[in-house]
Amino acid sequence: MTAAVEIAAAVNAQTKSALAVTEAALAAIARTDPKLDSFTAVTGDRALAEAREVDRRVAAGERLPLAGVPYAAKNLFDIAGLPTLAGAKVHARRPAAAFDATLVTRMREAGAVLTGALNMDEFAYGFTTENAHYGVTRNPHDVSRIAGGSSGGSGAAVAARLVPLSLGSDTNGSIRVPSSLCGIYGLKPTFGRLSRHGAFPFVDSLDHVGPLAASLPDLAACYDALQGADPADPACAQRPPQPVSAACDEGIAGLRIARLAGYFDKHTTAPARAAVDRACLALGVTRSEELPAASLARAAAFVITGSEGGARHLRHLRERRDELEPLSRDRFVAGALIPAAWYVKAQRVRGWVRDGVRELFRDVDVLIAAATPTAATSIGDEWIELAGERLPLRASLGLLTQPISCIGLPVVVAPMPRAGQLPIGVQIIAAPWREDLCFRVAAALVASGASFSPLPPLAA
Amino acid sequence: MNERDIAAYVDTACALQGIELAADERARVVDHFARILVIATPLIELELPDSVELAPVFEP
């Protein structure tokens, strides 16, 4: 599978048809996905119809930024004609969605072709995509390991080059964790940047949606196609699009970049620290900063997630608990019991941390940290040791992502591969609404040769 | 709060929310709640200036 920007150029130039590209993608999915379980539905008929429509539009003179680019969406996005599973068995018999989610519509308008829906942790409450109902999504670099989650299907499908682009959601790290473990690029934009309309919610206060891609130019092209205000999502900022594709060429001269120390160093294994070392070396970063109250930000995100998530699914917790994911249903119950005073305090802490981090961004432009404490762990693993402490693995994979999303900062994850080792990524973090800076620094890492998406052996 | 207090809270709060737990579930929920308490304690105990609001609209 070639890069999205190359496919779009070829389809726009009519040297390749969207239909031929789509047929090849569907064949690759049919051939390889049984080894990965990244798709929960393949929308073959729809994909072929969308591809024919793209070819017709191009023949009529239109030029489309994602012309004929196959992609797939985490199965919490509404896809007209399919029930929106959000990873849950209790959703399997819901009526089919009548309309596409806003982002799915934007992809179609940009000429992209939907090939299917992707696996995830039930209701997005997990970092491993070990789903009791729809299967464990496997890491294309080592199928005995997890792909990360909760957008695990979105990570694995792109890493295996079944599609060059996917859509995911990120409440506490669910785009960034699979991007890191699968060795691909991912964007968690600023809170409120992209419309969540038609994406099944998990935690209203923290939910973000965004793209994953096998290359940085593809990630930028996809993000640019997704941007724009949407009155249907009350949390979506009414801002005009701020495209980043051109920003990737601007370089990093004059940017003040620092490595996040303290909390972020403490919660990493040696391979994660080495990835940050390589990124800082490539960028010439020698400065370190601490994120104010990182541990409290993580605690606030944890409490807000438990409380809002538990409240949202209270009826299922009362009436259909035996049909829920065994790995998360007890956590959902515990979350539903959190006293309101703790939740309110967590929301105030969130505002307080945000104010402190705004101060930090007066003096620095971009922060670098590992995206996950470790590379991909084995399927079924329950514990991880960090800084001499034995911690539950499934919750701890988000330790480095949670404090950042708690206050809605934009992050690009860039893979920092090393031959013979499992991939791992770094977070490139900027001030709110400055996705352009994340992309400029990621582009510098790509230009240095330090960052690229490694091709797994089973890639299509 | 000790484990017995947490278990008593879980029982009462579940009754209030209309959730009936089997014995094995109850033990796991108590564990999870104890973990939430550990993580939340520094947050609960933090003194914040009165001016820090729960923003009705969150602007990062």
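Note that the structure is predicted; figures quoted are calculated from it, not measured. Numbered from 1 within each chain, the chains take letters A, B, ... in sequence-line order.
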Interatomic spacing from [atom1] in [X] to [atom2] in [Y] - rounded to 0.5 Å:
X: A:Arg348; Y: B:Leu43; atom1: CZ; atom2: CG; value: 10.5 Å
X: A:Leu337; Y: B:Ile36; atom1: CG; atom2: CD1; value: 7.5 Å
X: A:Phe332; Y: B:His32; atom1: CZ; atom2: NE2; value: 11.5 Å
X: A:Asp330; Y: B:Arg26; atom1: CG; atom2: CZ; value: 13.0 Å
X: A:Leu317; Y: B:Glu20; atom1: CG; atom2: CD; value: 13.5 Å

Where does [X] contact chain B at under 4.5 Å (heavy atoms): side chain, backbone, both or neither?
X: A:Ala341; answer: neither
X: A:Phe191; answer: both
X: A:Pro392; answer: side chain
X: A:Leu296; answer: both

Between A:Ala346, A:Ala293, A:Ala235, which residue shows the highest count of heavy-atom pairs closer than 4.5 Å to chain B? A:Ala346

Max heavy-atom pairs within cutoff under 4.5 Å with chain B, candidates A:Ala300, A:Ser295, A:Ala334, goes to A:Ala334

A:Arg331 and B:Val29: side chain to side chain contact (heavy atoms under 4.5 Å, CB included), yes or no, with the steps? CA-CA 7 Å; A:Arg331 280 192 290 146; B:Val29 171; over 6 Å; no

Mind running side chain to side chain contact (heavy atoms under 4.5 Å, CB included) on B:Gln17 and A:Val333 for me, showing each step along the way? CA-CA 10 Å; B:Gln17 302 273 29; A:Val333 172; over 6 Å; no

Is it true that, when you exclude B:Glu3 itself, more than 12 heavy atoms of the residues, nucleotides or ligands shown sit nearer than 6.0 Å to its CD? no

Restricting to non-hydrogen atoms, name the atom on B:Leu37 and the atom on A:Trp342 that form the minimum distance, rounded to 0.1 Å. CD1-CH2, 3.5 Å

Residue pair B:Pro60 / A:Gly408: nearest heavy atoms and the distance that separates them: CB-O, 4.0 Å

Under 4.5 Å heavy-atom distance to chain A, tell me which part of B:Leu21 shows up: side chain, backbone, both or neither. both

Of B:Val52, B:Thr41, B:Ile19, the largest count of non-hydrogen pairs under 4.5 angstrom with chain A goes to B:Val52

Is there a side-chain contact between A:Lys345 and B:Leu54 in this structure, where contact means two heavy atoms from C-beta onward sitting under 4.5 Å apart? no

Taking only heavy atoms into account, what residues of residues 303-311 of chain A are found under 4.5 Å from chain B? A:Val303

Suppose we screen for side-chain contact (heavy atoms from CB on, under 4.5 Å). Which residues come up paired with A:Arg329, at least two apart in sequence or across chains? A:Arg321, A:Leu324, A:Pro326

Begin from the C-alpha positions of A:Trp352 and B:Leu46 and carry the test side chain to side chain contact (heavy atoms under 4.5 Å, CB included) through to its verdict. CA-CA 11 Å; A:Trp352 176 71; B:Leu46 180 72; 3.8 Å; yes

